[in-house]
Amino acid sequence: MNHAFTTTAFDLPGYRTVNTLGVVRGITVRSRSIVGSFFGGLQTIVGGNITIYTELCERARSDAFELMVQHADQLGANAIVGVRYDANEIMAGVTEVLCYGTAVVIEVQG
């Protein structure tokens, strides 16, 4: 599936939805390593962007997104609309990242 056909909107301009296949999701659970926590703690002393945590969050979101796309592919979708992210701390230092949307089949309007 082409990543260009994923959107937070509920439609894709120039295309019409011909079939709605249902909710698709990707879930990943991440924890900080001892080393990562140590260096993240050092970065908090200096202030500013805590790059080690930024990279961890971005990787978790990317993984959840790719899992969602794989789920949509399995259903035969060629697009995903209404894409959203959610994150919850399961326990101290362990976070679930969820990416979800609606898998659809689209075609060029006209």
Side-chain angles (χ1 to χ4, degrees):
M1 186 172 71
N2 185 340
H3 286 189
F5 292 130
T6 60
T7 182
T8 57
F10 293 105
D11 61 359
L12 287 160
Y15 296 86
R16 69 182 190 93
T17 300
V18 295
N19 196 9
T20 301
L21 303 173
V23 174
V24 289
R25 82 282 176 268
I27 301 169
T28 188
V29 177
R30 298 285 181 185
S31 67
R32 297 183 306 259
S33 69
I34 292 172
V35 173
S37 294
F38 175 75
F39 285 115
L42 289 177
Q43 284 185 317
T44 61
I45 294 169
V46 177
N49 184 23
I50 304 170
T51 56
I52 197 157
Y53 292 145
T54 301
E55 291 166 9
L56 178 69
C57 290
E58 186 54 41
R59 191 169 51 251
R61 286 186 188 106
S62 178
D63 289 349
F65 179 84
E66 289 301 327
L67 290 167
M68 177 192 66
V69 169
Q70 288 173 17
H71 188 195
D73 276 336
Q74 292 168 356
L75 296 178
N78 63 357
I80 306 171
V81 296
V83 174
R84 301 287 186 268
Y85 286 94
D86 193 15
N88 298 296
E89 188 172 51
I90 296 171
M91 59 185 287
V94 179
T95 303
E96 165 206 38
V97 177
L98 168 67
C99 184
Y100 62 96
T102 303
V104 295
V105 176
I106 59 171
E107 66 181 15
V108 176
Q109 245 174 357

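These figures come from a predicted structure and were not determined experimentally.
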Side-chain contact, heavy-atom cut-off 4.5 Å: Asn78 with Phe5?
-> no

Between Asp86 and Leu98, is there a donor-acceptor pair closer than 3.5 Å when you use the side chain of the first and the backbone of the second?
-> no

What are the two closest heavy atoms between Gly76 and Leu21, and how far apart are they?
-> C-CD1, 3.8 Å

Answer yes or no: is there a side-chain heavy-atom contact under 4.5 Å between Val94 and Val29?
-> yes

Considering all heavy atoms, the nearest Ala79-Met1 contact = N-SD, 3.3 Å

side-chain hydrogen bond (donor to acceptor under 3.5 Å, both in side chains) filter on Arg16, not counting sequence neighbours, yields Glu107

Hits for side-chain hydrogen bond (donor to acceptor under 3.5 Å, both in side chains) against Gln70, two or more places apart or cross-chain, chain-then-number order -> none

Please report the shortest heavy-atom distance between Ala9 and Val81, naming the atom on each side.
-> O-CB, 3.5 Å

Where do Val105 and Ala77 come nearest, in terms of heavy atoms and distance?
-> CG2-CA, 4.3 Å

Phe10 and Arg84: which non-hydrogen atoms are nearest, and at how many Å?
-> CZ-NH2, 3.4 Å

Applying side-chain hydrogen bond (donor to acceptor under 3.5 Å, both in side chains) to Asn88 and not counting sequence neighbours gives Glu96

Partners meeting side-chain contact (heavy atoms from CB on, under 4.5 Å) with Ser62 (sequence neighbours left out) = none

Identify the heavy atoms of Val97 and Ala60 that sit nearest to each other, and give their distance.
-> CG2-CB, 3.8 Å

Rounded to the nearest 0.5 Å, the CZ atom of Phe65 sits from the OG1 atom of Thr28 at a distance of 14.5 Å

CD1 (Ile106) and CG (Asn19) are apart, to the nearest 0.5 Å, by 12.5 Å

What pairs with Val83 under side-chain contact (heavy atoms from CB on, under 4.5 Å), at least two apart in sequence or on another chain?
-> Thr6, Met68, Ile80, Cys99

How would you list, by chain and number, every residue that makes a ring-ring contact (aromatic ring centres under 6.0 Å, His included) with Tyr100, sequence neighbours excluded?
-> none

